[in-house]
Student: 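There's a structure below that I have some questions on.
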Amino acid sequence: MNNEKSSIVSGFYKLPVEKRVEFVKNFSNLTNDEAKLFSSSIDIEITDRMIENVLGQFELPLGIAVNFLINGKDYLVPMAIEETSVVAAASNAAKIARIQGGFKTESSKPLMIGQIQLLHLEDVADSAQKIMNHKKELLKIANAQDKILTELGGGAEDLEVRIIDSPLGKMIVIHIIVNVLDAMGANAVNTMCEALAPMIEELTGGKVRLKIISNLADKRIVKAKAVFDKEKMGGEKNVDAFIESYTLASVDPYRAATHNKGIMNGIDALIIATGNDFRAIEAGAHSYAAKDGRYTSLSKYYKDKNGNLVGELEIPMAVGIIGGAANIHPKAKLCRKILGIKTAKELAEVVASLGLAQNFAAVFALSTVGIQKGHMSLHAKNIAVMAGAQADQIDKVADQMVKEGKIKLDRAKEILAK
Ligand code: NAD
């Protein structure tokens, strides 16, 4: 389906909203009702079931990043985000990446870690041994909790025991490793952890305290790679400037935080659009960025033998297409259909490619023209609206401010007054 259609569209941003919807409808074979969903609110009864004390809904703009070629397949990528320039930057980066073949990805099995904290032990080493001796039975109990998952080929696969020094003395943390297939996995894993607690206490005489998934999903890793064409980047001098800029993120946590924020601009937008848990993804990403004891860049860049820029992103990606809000929120389901993805693995690979595209776009802008130029035009429109501009006044006030290079609320008010 989607792989027969191209996601390259030039001037997509200039089209009126209806034309953009029509393009996406055709690309992703949406029904008329699905296409209408873009401009309608979801049923209040649905949101009332999702969280507590519901009053209504909070809307974010939903845009589409175009031009993405990932593992030889074309994707339109839905992004729910409030920040200007992010969608345009991703589309532009994807256009540059596809010159040299687009994004290539690989990912591990969807293994999540559940933690069981065990304290008040008389003999920590002996307790650890007892748990390991009963690994098979423990895994059996875990798997008895989720027949659907095990019947589909997933479930608890392994168990590890860690002894940790703490201000309270030595404690044991048991890790249960679960193949969660197409789910994010938190509910599935948490249920297993809770089910194991009584047997672990019985075996060791200790006290189980925490029983919960770890968001440092370092056994569920996705890697995305792309070659960014040096000519399209304006020559090898810009590739060198890029690498100089990137290098700071690789050695300095102050820069790495902002560098990784740029990656998450793209990632969170797609995570939200597909009804996934962006806090879980954020926690996983940043803890993984500090896994070697110092917070650093999640991506890396180098030059290939032809002088092109190679970018790589490696990140934990606990995303699901089953469970959570992914199957409840109508727009999340719609976004999945737009993507044409069939598995959580495929979604994870698109997410990582988008993160790399976003990161490339930000560092490229920073290392050449600076970030404000790209931000300027939509930012100017927002300032014009804040100043009270309406309808065609918005573009006029914004254009004038961009021309003057002075995008300020007081200036917007002055222009409006004139
Ligand atoms: P879930 O329990 O709603 O759905 C997963 C279940 O769906 C599986 O256990 C399985 O029984 C079934 N299933 C059917 N087909 C499947 C398939 N093909 N692959 C996998 N499972 C299949 O959801 P979940 O993914 O276990 O939990 C996700 C939710 O948990 C999110 O909403 C998240 O916000 C929330 N949560 C997160 C944390 C955390 O990150 N620390 C903690 C608690 C809850």
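We number each residue from 1, following the sequence as shown. First listed ligand is number 1; within each ligand, the first listed atom is number 1. All values below were derived from every heavy atom in this structure, side-chain atoms included, with hydrogens, water molecules and symmetry-related copies excluded.
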Student: Check Lys219 with Glu160, please: is the shortest side-chain N to carboxylate O separation under 4.0 Å?
Tutor: yes
Student: Output all residues satisfying ring pair (Phe, Tyr, Trp, His ring centres under 6.0 Å) with Phe38, sequence neighbours left out; order by chain, then residue number.
Tutor: none
Student: Any side-chain hydrogen bond (donor to acceptor under 3.5 Å, both in side chains) pairs touching residues 183-200, not counting sequence neighbours?
Tutor: none
Student: List the protein residues in contact with ligand 1, where contact means a heavy-atom separation under 4.0 angstrom.
Tutor: Asp146, Ile148, Leu149, Leu152, Val180, Leu181, Asp182, Ala183, Met184, Gly185, Ala186, Asn187, Ala188, Asn190, Ile213, Asn215, Asp277, Ala280, Ile322, Gly323, Gly324
Student: Checking Ser297 side chain against Ala249 main chain: does a donor-acceptor pair fall under 3.5 Å?
Tutor: no
Student: Do Lys130 and Glu202 meet the salt-bridge criterion of a basic N to acidic O distance under 4.0 Å?
Tutor: no
Student: Applying ring pair (Phe, Tyr, Trp, His ring centres under 6.0 Å) as the test, list every pair that has at least one member in residues 40-72; sequence neighbours left out.
Tutor: Phe68-Phe103
